[in-house]
Trainee: 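The structure's right below; bear with me while I get my questions together.
The figures here come from the full heavy-atom set of this structure, side chains too, leaving out hydrogens, waters and symmetry mates.
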Amino acid sequence: VQVTYNGSSSAPVNAGSYEVEAVITDNNYQGSAQGTLVITPASASISFGALTTTFNGAPQPVTATTSPEGLPVQILYNGSPTVPTNAGTYVLQATITDSNYQGSTQGNWVIQAAPASITFGPLETTFNGSPQPLSVTTNPEGLPVEIRYNGSLTAPTFPGSYPVSAIITDENYAAEAEATYLIRDPYQVWAENNFTATQLNEGISDPTADPDGDGMNNWVEHHLGLEPQNPDSRLKNQITRENGVVKLSINRVVTEGTFTVQVSDTLEGEWVDWATLLIEENAQDHLVDLPIDRPRRFYRVLYQAPPLP
């Protein structure tokens, strides 16, 4: 009998479907038959290597081995052949692509966020009337950070102690940090700079006290930037004449309160308000044009501090 496989006398090796024809070759007999020979792929197995790694900024393929060894394998990550880079969990589907073997497996490929660090800037500042967010830096540099103050995303404004938590929000990096952020009362800062530790525990440093007896209590001297224990420490004003105009310059260092400029013809006469100046943020001095329509004029400056808290 002569047997052919898809027209060839060579017996097949590889998996597949073959049309078989057998013909009797004896001169005294005749006969033939046809059929289909099916060689199915052999079973094989796939094993993954380590299924966890750490983000490094580059694509990171999972490793896989086969039994028998060296068989080609197609690996899909969440259904895509593209090897992932970013941190996350990816569903793996591995399939042997050799026509003579069959086998597949599943798993999860985990790329963990890389470790990073958060460093807080100065944890102490002084109240200035505006929200004061805390500064932070990260390593690696420039990572986004969410900061909460006592659980709120709103930066604090008022004096107080605030528990602070910071967390990196980049999916590829992980870091958290905690600290305490202190916004100090500006009067307390001023008092510490002008009184001894002993005096701070005595009434001499109270806002309503006037330790140098100059008629201005500590609250007023604080707002004018004066020395509370030096009676010669005064508000510095200056009068100048420019192009026939007399100007009064009021220098100050604070950002709250009201100046009122008054004029009078005599020191004993009635004082009349000439200008009321509300102190503006960041202004270092105020200029006021003064009247010069009399033979002589006297001027004085009144300061009204904001109310005691």
Trainee: What distance do Ser165 atom OG and Asn150 atom CG have between them, rounded to the nearest 0.5 Å?
Mentor: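 Interatomic distance, Ser165 OG to Asn150 CG, rounded to 0.5 Å: 9.5 Å.
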Trainee: Can you tell me how the ring of Tyr187 sits relative to the ring of His222, calling it parallel under 30°, perpendicular over 60° and tilted otherwise?
Mentor: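 Ring orientation, 0 to 90° scale: perpendicular.
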Trainee: More than 12 non-hydrogen atoms from neighbouring residues, nucleotides or ligands closer than 6.0 Å to CZ on Phe158, yes or no?
Mentor: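 Check fails, neighbour count at 12 or below.
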Trainee: Check for a donor-acceptor pair, side chain of Asn172 on one end and backbone N or O of Asn86 on the other, with a separation under 3.5 Å.
Mentor: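 A pair under 3.5 Å: no.
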Trainee: If you measure from the Lys or Arg side-chain nitrogens to the Asp or Glu carboxylate oxygens, is any gap between Arg296 and Asp265 under 4.0 Å?
Mentor: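 Salt bridge between Arg296 and Asp265, a charged N being under 4.0 Å from a carboxylate O: no.
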Trainee: Is the number of heavy atoms from other residues, nucleotides or ligands under 6.0 Å of Glu21 CD greater than 12?
Mentor: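 Enclosed.
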Trainee: Are Val301 and Tyr299 co-members of a hydrophobic cluster defined by side-chain heavy atoms under 4.5 Å apart?
Mentor: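 As far as the 4.5 Å side-chain criterion goes, Val301 and Tyr299 are connected within one cluster.
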Trainee: Which residue is it: Leu134, Ile183, Leu182? I am looking for the one with a side chain to side chain contact (heavy atoms under 4.5 Å, CB included) to Thr125.
Mentor: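 Testing Thr125 for a side chain to side chain contact (heavy atoms under 4.5 Å, CB included) against Leu134, Ile183, Leu182 leaves exactly one candidate, Ile183.
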Trainee: Under 4.5 Å between side-chain heavy atoms, hopping through other hydrophobics if needed: is there a path connecting Leu302 to Leu224?
Mentor: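 No, it is not one cluster - the side chains of Leu302 and Leu224 are not joined through contacts under 4.5 Å.
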Trainee: Donor-acceptor pair, Asn78 side chain versus Tyr90 backbone, under 3.5 Å?
Mentor: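 Answer holds: no.
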Trainee: What residues, two or more places apart in sequence or in another chain, satisfy side chain to side chain donor-acceptor pair (under 3.5 Å) together with Glu176?
Mentor: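 By the side chain to side chain donor-acceptor pair (under 3.5 Å) rule, Glu176 matches no residue at all.
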Trainee: Could you list the donor-acceptor pairs under 3.5 angstrom formed by side chains in residues 27-53, with sequence neighbours left out?
Mentor:
{"unit_1": "Thr36", "atom_1": "OG1", "unit_2": "Glu19", "atom_2": "OE2", "d": "3.4"}
{"unit_1": "Thr53", "atom_1": "OG1", "unit_2": "Gln60", "atom_2": "OE1", "d": "3.0"}

Trainee: Do Glu270 and Gln262 have side chains that approach each other closer than 4.5 Å (heavy atoms only, starting at C-beta)?
Mentor: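 No, side chains not in contact.
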Trainee: Does atom CD (Glu178) have a neighbourhood of more than 12 heavy atoms from anything else shown, all under 6.0 Å?
Mentor: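 No, CD of Glu178 has 12 or fewer neighbouring heavy atoms, counting only those of other groups under 6.0 Å.
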